[in-house]
Amino acid sequence: MSLRIELEQIVSAWAARNFPDLPPEPWVRPCTDERHGHFQTHLAMVAAKATKQNPRELAERLCKECFPPEGWEKPAVAGAGFVNYRVGPEAVGHALDALRRDPDLGIPKVTKPETIVIDFSSPNIAKAMHVGHIRSTLLGDSLARLLTRTLLGDSLARLLTRLGHRVTRVNHLGDWGTQFGKLLLAYRAAGRPPIESDRAIDQLEEFYKQGHQHAESDPAKMEQARAELAALQVGDPERLQDWRLFCEKSAEHFRRIYERLDVRFDSVRGESAYHEDLPGVVQDLLDKDIAETSQGAVVVRNPEIAEEPYLIRKSDGAFLYATTDLAAIRYRAAELKADRIIYVTDARQQLHFRWLFDTARRSGCQAILEHVWFGTILGPDRKPLKSRDGTPLKLIDLLHEARERARAILQTKRPDLSPVDLETKADLLGIASLKYADQLPNRNLDYVFTWEKLLAFDGNTAPYILNAYVRTRSILRKAGLQKRPDAPVKISQLEEERLARILLRFGDAVELAAADRKPHHLCGYLYELAGQYHRFFEACPVLQLPALRDSRLTLVGLTGEILREGLSLLGIPTLEEM
RNA sequence: GCGCUGUUAGCUCAAUCGGAUAGAGCAUCUGACUUCGGAUCAGAAGGUUAGAGGUUCGAGUCCUCUACGGCGCACCA
């Protein structure tokens, strides 16, 4: 248990006894300025306001009645009614004893485990994955890891699986939309040529582009494209065969990218899987008087959301992605037993999801529905990031470039590496940097992408944190150890006490990132930890002082484990040396 | 027009659902290499948090208005 939580329990118990009407909130927080103390509570001021008492007097009382645990200093009142607490070195040592025995490294268990479906990534068939998919892919992956880890916990977790969230990662592929009419049109006009695996996606994109151009400029072609789609959707064998080919080739492309990113799914289920459910979904909404017909189409209305209605069936009888999403919710609630469904998409779909959730709830959906949205990745010109020719930047090119740049830097820093080693490390560093840089900014904001920032080695970057990790490994190697010793930690210097206190905050950081669905909180924590480790490293010799050696090696080992675990929650691998 | 969202140091970003003197990195300047890995560390400088009101012990954070930007508003996904 973290120092903060230990104190939190004491203070919140006092709050519950004396001010039962106050809404629960975390009363104990780390001080922003160490000079005030290590932890503070503003409880007295909030309680004073609610009960019209004097805040300083209340703070004095809190001080007297809320004894901190053994080994802490006496609390003190400051400012308008803050109460400050300071931990002593022995208490920090004791807390570390608990931390080093905790296989979960301080990550708390959820009290109410849920079955959670996370819908993320969702690329379209016959199109290369591009830069627009990266945030959803990485954010969704991190959320899945965070939510899983929060509950599952490492080894102890197997015993406690039933106490953890059960996370199902879903890739909802765009494999059934109107783009297939245009694609089929051009593909068949070209005589259905074979699709070659190594450039399959490029070929398919080219056909789509042709079909799109033709259809846009020629109403007759547009009509043909519509006919192609209709033929596919009623199950024409030849079109179906073509469609399957497109899906297969696209799946290979996705698989290669997910493999490189180390992202996996429990369920890959495209829009086509819901095709047969759609008439029933619309009929059900009509039966329940949630939907109505309007100008030949079927719509849902809710003036609280918008004037314009939500379209679930076109006047020509075709269905839309709204309909598919409604069908998917039913499937996930009924078949996957989801208590909660989390959608990870860009900000532009907010209105769609408001409609979707509202409609689903009105039709009786019990699952909690959540839209976790994120901003756009911008180029240096503050416009959405594009490749040189103006098309969306392809993910595969992004990964390639990341590796090239990482290799170039490695070659100057580590000319001694063997070619094989160089390749492996360049690949890992490139991907680690890319993943970290993408998850560092608050997901709600647009952010500006630059290669310089991405692969920089100083500042808040993956290489900086990995460097700290590598140094922890290096010291243990030098000490002749495979893993950390498990010795009591004796705090003797300020820089090691600071390091220890940060280590003890890991659980809080993970919990915050998971609760907020914002992995960037974890990035901030890891950066702080890596920075403090570097300062500790400067100030505190580890191997030279026999009396402190085991204690400090334990601290070093714990730092390494938490860095590794934290990075892995972000989907970022570590390496033993770089 | 309606709605969502944003504006913090020259640049890129933080700030734990209202807490103490708003923090980092880059860029600029100054130091520390007989190193447990210098891909590091120490320090300087840089701010009226877009602007104006309001709420209160306390506002970058909440409310109102204004300015500027991004995005979305049936028959694409």
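Chain letters run A, B, ... following the sequence lines, proteins first and then strands; every chain starts at 1.
- RNA chain B is contacted by both Leu445(A) and Thr32(A); Leu445(A) maps to the nucleotide lying nearer its 5′ end (nearest heavy atom per residue).
- Using a 4.0 Å cut-off between charged side-chain N and carboxylate O, Arg498(A) and Glu34(A) make a salt bridge.
- In terms of the side-chain contact (heavy atoms from CB on, under 4.5 Å) criterion, residue partners of Ala225(A) (sequence neighbours excluded) are, by chain and number, Lys182(A), Leu185(A).
- In this structure rC2(B) sits in a base pair with rG72(B), meeting the Watson-Crick or G-U test at under 3.5 Å.
- Here the separation of rA67(B) from rU28(B), taken at their P atoms, is 40 Å to the nearest Å.
- When the P atom is compared between rA15(B) and rG69(B), the two are found 26 Å apart, to the nearest whole Å.
- Within 4.0 Å of Leu58(A), counting heavy atoms only, lies no atom of the nucleic acid at all.
- Taking atom CG of Asn460(A) as the reference point, atom P of rA39(B) lies 19 Å away to the nearest angstrom.
- A distance of about 12 Å separates the C1' atoms of rU16(B) and rU61(B), rounded to the whole Å.
- No donor-acceptor pair under 3.5 Å is formed between the side chain of Asp346(A) and the backbone N or O of Phe374(A).
- With sequence neighbours excluded, the residues forming a side-chain contact (heavy atoms from CB on, under 4.5 Å) with Asp381(A) are Lys383(A), listed by chain and number.
- Between rA39(B), rC13(B), rC41(B), one nucleotide has an atom nearer to the side chain of Val448(A) than all others, and that is rC13(B).
- One P atom belongs to rU49(B), the other to rA74(B), and the distance between them is 40 Å to the nearest Å.
- Both stacking criteria are satisfied for Phe537(A) over the base of rC36(B): a centre-to-centre distance under 5.5 angstrom and an angle between ring planes under 30 degrees.
- Both Ala539(A) and Ala78(A) sit near RNA chain B, but only Ala78(A) has its closest nucleotide nearer the 5' end.
- Side-chain atoms of Arg56(A) come within 3.5 Å of backbone atoms of Gly79(A) as a donor-acceptor pair (strictly under, hydrogens ignored).
- When distances are taken from the side chain of His534(A) to each of rC57(B), rC41(B), rA39(B), the shortest belongs to rC41(B).
- With values rounded to the nearest 0.5 angstrom, Asn460(A) atom CG is found 11.0 Å from Lys453(A) atom NZ.
- Both the sub-6.0 Å distance and the 45° axial angle are not jointly satisfied by Arg501(A) relative to the ring of Phe39(A).
- RNA chain B is contacted by Arg35(A), His36(A), Gln40(A), His42(A) of residues 33-42 of chain A, taking any non-hydrogen atom closer than 4.0 Å.
- With hydrogens and angles ignored, the 3.5 Å screen pairs a side-chain donor or acceptor of Asn444(A) with a backbone N or O of Trp373(A).
- Between the C1' atoms of rU66(B) and rG23(B), the separation comes to 30 Å (whole Å).
- Taking atom C1' in both rC17(B) and rG60(B), the straight-line distance is 14 Å, to the nearest Å.
- Between rC41(B) and Tyr464(A), a contact under 4.0 Å exists linking OP1 or OP2 to a side-chain N or O.
- Following rounding to the nearest Å, Glu577(A) (CD) and rA39(B) (P) show an atom-to-atom distance of 14 Å.
- Under the 3.5 Å distance criterion, the side-chain polar atoms of Thr41(A) are matched with a main-chain donor or acceptor of Leu43(A).
- Judged purely by atom type and a 3.5 angstrom limit, Arg443(A) uses its side chain to pair as donor or acceptor with the backbone of Arg517(A).
- Contact between the side-chain N/O atoms of Lys49(A) and the OP1/OP2 oxygens of rG18(B) is not found at any separation under 4.0 Å.
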(message) Each nucleotide in nucleotides 67-77 of chain B should get exactly one letter: B, S or -. Can you fill that in based on protein heavy atoms under 4.0 Å?
(response) ---SSSSBBSB

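- Comparing rA24(B) with rA45(B), their C1' atoms sit 15 Å apart, to the nearest whole Å.
- With no hydrogens or angles considered, a side-chain donor-acceptor pair links Ser122(A) and Asp119(A) at under 3.5 Å.
- The same atom, C1', is picked in rC75(B) and in rC4(B); the two are 23 Å apart, to the nearest Å.
- Stacking annotation: Phe82(A) is stacked on the base of rA20(B) (ring centroids less than 5.5 angstrom apart, interplanar angle below 30 degrees).
- The partner of rU34(B), taking Watson-Crick or G-U wobble pairs whose two distances both stay under 3.5 Å, does not exist in any strand shown.
- Nucleotide rA45(B) forms no Watson-Crick or G-U wobble pair with any nucleotide shown, as no partner meets the under 3.5 Å limit on both distances.
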Short N/O separations, protein against nucleotides 42-44 of chain B, under 3.5 angstrom:
none

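- Between rA15(B), rU5(B), rA14(B), one nucleotide has an atom nearer to the side chain of Trp373(A) than all others, and that is rU5(B).
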Would you list the atom pairs, donor with acceptor, under 3.5 Å between side chains in residues 316-324 of chain A and any protein atom, with sequence neighbours excluded?
residue, atom, partner, partner atom, Å
Asp316(A), OD1, Ala318(A), N, 2.9
Tyr321(A), OH, His352(A), ND1, 3.4
Thr323(A), OG1, Ile312(A), O, 2.6
Thr323(A), OG1, Leu320(A), N, 3.1
Thr323(A), OG1, Leu320(A), O, 3.1
Thr324(A), OG1, Leu320(A), O, 3.4

